[in-house]
Amino acid sequence: MSDPKDIWGRLEDLLNEVEGYLVRSSWSASDRCLEPLVEIENRENEIVVTVDLPCVEKKEDISLEVSEDLLEIKAMLKQAMRWERWGMVQKNIEFTSFKKIVSLPEKVKPEEATAVFKRGVLKIRLPKAYRKFTLKVS
Amino acid sequence: MNEAMKIIEKDGVRFENPVVVEGLPDIGLVGAIAASHIVETLGLYEVAHFESDLFPPIMVMHRGVLTDPVRILGNEKILVVTSEIAIPPSAIYPLASVLVDWLSSKGAKLVFSLTGFPEQNRLEVDKPMVFGVGNISQAVDLLKEYKVETMEEGFIAGIYALIMKYCMIKKIPAITLMAQSFPNYPDPGAAASVLQVLNKMIGLNISVDQLLEKADEIKIKGRDLMKQTRSSMERIGKVSEQEIPLMYR
């Protein structure tokens, strides 16, 4: 008889594998936007969100809204994009922007957040609401 | 024979000790982007595809034609191994093993894997540097001859590590070329850097101008494959490439 641990281990592997392919659609027809790739780094005193924004030309084309636990990124593409041979409905969509709402892993101080856009990559630094302090041991 | 994976070859293809370029999805999709550019530039055609129940049930439509996602394209002299889906961790061992057996049976003379290595300060890097790893002395000598900086100590993790190992068993020289890359974003700039080194090493003359001109569009098109690949890489211990080995002798 098979070892039940093996079966659960295999099941977990399988679920992990399936999860990798069940990625949500990275575009939306209703607001003609694409979802950008995002990295979230949870550092000691801050959360750093990096967003890849190819085809976005200038910082003025980016809008950011930050609350304590959410970050909303919108950016206009320098020109609308359409892939004429892609999919069934997709070929008719002209994409004009990027849009992404990021759930932050911890509460931040939105008023102290800063953002820099360089070479198509947007980096947003969000200081954590609860900072850690170093204590001296006596 | 491997039960989990097989290569289905097209009829009538002849090979003359081909050079092989593996560009499966990995860090920054460097290999996948470079492989796709080689296929497009040289007008290579499908010579074989991989079949396995370990792959997700996905086929791809290209110009209205149903196509397998994990394929070998090429001609008599060059073969390019590429995939339009992330390779599931469970398929990595059988794929590398079956591929090297098949390449050996075709008399492959040299195998290249093209990939990236994560560079945290990639934004500050204008032209990504390329490093090389060779599996046997012949491969290492070739890297030296073309003055490619090599890695002396460290881990390599991913399908190219296994391809180099299985090639070593078959005594086929194999080289991995790695360019500084964004870890989690498609990186056409890094792909251009590895292609320039490959150009020199095997006398190809593939221009990277168009690749760089279309970089933004490639990055947009590569988002979904990058997401899948990121998820797959997390599960194969890719992070161990950043770790320090004990270095005992």
*Under the side chain to side chain contact (heavy atoms under 4.5 Å, CB included) rule, collect the residues that match up with A:Glu46, sequence neighbours excluded.*
A:Arg43, A:Val48, A:Arg125
*To the nearest 0.5 angstrom, please state how far the CD1 atom of B:Ile7 sits from the OG atom of B:Ser52.*
11.5 Å
*Under 4.5 Å from a heavy atom of chain B, the part of A:Phe98 involved*: side chain
_Please rank A:Lys123, A:Met81, A:Arg119 by heavy-atom pairs under 4.5 Å with chain B and give me the top one._
A:Arg119
*Is any residue of residues 51-62 of chain A within less than 4.5 Å of chain B by heavy atoms, and which ones?*
A:Val51, A:Asp52, A:Pro54, A:Cys55
*Got more than 12 heavy atoms from elsewhere within 6.0 Å of CG, B:Asp53?*
no
*Quick check: are there more than 12 heavy atoms from other residues, nucleotides or ligands sitting under 6.0 Å from CD of B:Gln210?*
no
Taking only distance into account, with no hydrogens and no angle test, what donor-acceptor pairs under 3.5 Å do side-chain atoms of residues 71-78 of chain A form with protein atoms, sequence neighbours excluded?
none

*So, B:Ser97 side chain and B:Tyr93 main chain: donor-acceptor pair closer than 3.5 Å or not?*
no
*ring pair (Phe, Tyr, Trp, His ring centres under 6.0 Å) with B:Tyr185: which residues, sequence neighbours excluded?*
B:Phe182
